[in-house]
Amino acid sequence: QMQLVESGGGLVQAGGSLRLSCAGSGRTFSNYVMGWFRRAPGKEREYVAAISWSGDTTHYADFVKGRFTISRDNAKNTVYLQMNSLKPEDTAVYYCAARGYYGLGYESRQYDYWGQGTQVTVSS
């Protein structure tokens, strides 16, 4: 089992920034593709971004391109999501997830382990 713990959520005004962190333990972190997902009130969970084992390949959902950056530090067993130019529609619970297979995953079902989530609220 891998345990994932997110942190860094909070309340921010529109146009502001937040950096989410997700710390992994229990497995070899560098063996896992990592992803970020989010669930807004009343909506399905949706894909945000993913990063390869080494960090040299990243992918983003269209609605965050140019605003969010995913990165990882395998020495610290941590993946990050830097969120800039936040909008009220970015309000959601953000989850990190780990995928134990080759290739980035863009769907929830492709991930094996999940964190408990961290709330991000963007006020207008």
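These values consider heavy atoms only, across backbone and side chains, with no hydrogens, waters or symmetry-generated copies.
One hydrophobic cluster holds both L18 and Y60 under the rule that ILVMFWY side chains link at heavy-atom gaps under 4.5 Å. Hydrophobic clustering, with ILVMFWY side chains joined whenever heavy atoms are under 4.5 angstrom apart, keeps V120 apart from V93.
Looking at I51 and T57, their side chains never come closer than 4.5 Å, going by heavy atoms from C-beta outward. By the 4.5 Å heavy-atom criterion applied to side chains, V122 and K87 are not counted as neighbours. Contact of the C22 side chain with the Y95 side chain is not registered, since no non-hydrogen atoms from C-beta on lie closer than 4.5 Å. Proximity of E46 to F63: side-chain heavy atoms (C-beta onward) are separated by under 4.5 Å at one or more points. Side-chain contact between Q82 and F68: absent, with no pair of heavy atoms (C-beta onward) separated by less than 4.5 Å. Annotation: side chain of W53 is not in contact with side chain of M34 (no heavy-atom distance under 4.5 Å). Residues L81 and V48 are in side-chain contact: their nearest non-hydrogen atoms beyond the backbone lie under 4.5 Å apart. At least one side-chain heavy atom of T91 sits under 4.5 Å from a side-chain heavy atom of Q119.
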- [ ] Apply side chain to side chain contact (heavy atoms under 4.5 Å, CB included) to M2 and D112, showing your working.
- [x] CA-CA 9 Å; M2 175 181 275; D112 306 298; over 6 Å; no
- [ ] Just do the side chain to side chain contact (heavy atoms under 4.5 Å, CB included) check on C96 and W114 with the steps written out, would you?
- [x] CA-CA 6 Å; C96 71; W114 292 83; over 6 Å; no
Task: CA sep, side-chain torsions, deciding dist, call: S71, V79, side chain to side chain contact (heavy atoms under 4.5 Å, CB included) - done: CA-CA 6 Å; S71 62; V79 62; over 6 Å; no
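For the atom pair OG1 of T121 and CD of Q13, the computed distance is 13.0 Å after rounding to the nearest 0.5 Å. Atom CZ of R45 sits about 7.0 Å away from atom CZ of F37, to the nearest 0.5 Å. The OG1 atom of T69 lies 6.5 Å from the CG atom of N84; values are rounded to the nearest 0.5 Å. We find the CZ-CG distance between F29 and N31 to be 11.0 Å, quoted to the nearest 0.5 Å.
Between the side chain of E6 and the backbone N or O of L20, no donor-acceptor pair lies under 3.5 Å.
At least one test fails for R72 against the ring of Y80: distance under 6.0 Å to the centre or angle within 45° of the axis. Both the sub-6.0 Å distance and the 45° axial angle are not jointly satisfied by R99 relative to the ring of Y32.
Closest approach of L4 to Q116, counting heavy atoms only: O-OE1, 3.5 Å. The two residues S85 and S17 make their nearest non-hydrogen contact at N-OG, 4.4 Å. Scanning all heavy atoms of the two residues, the minimum distance from S124 to A14 falls at CA-CB, 4.4 Å. Residue Q1 comes nearest to Q3 through the heavy atom pair CB-NE2, 3.6 Å, listed as atom of the first residue, atom of the second, then distance. L11 and S123 make their closest contact through CD1-CB, 4.3 Å (heavy atoms, listed as atom of the first residue, atom of the second, distance).
Shown here are the side chain to side chain donor-acceptor pair (under 3.5 Å) partners of R67, two or more places apart in sequence or in another chain: D90.
Between the side chains of R38 and Y94, at least one donor-acceptor pair of N or O atoms lies under 3.5 Å. Residues D73 and T78 have side chains that never bring a donor and an acceptor to within less than 3.5 angstrom of each other.
Note: W36 and Y47 fail the aromatic proximity criterion, with ring centroids not under 6.0 Å apart.
No more than 12 heavy atoms of other residues, nucleotides or ligands sit less than 6.0 Å from atom OH of Y101.
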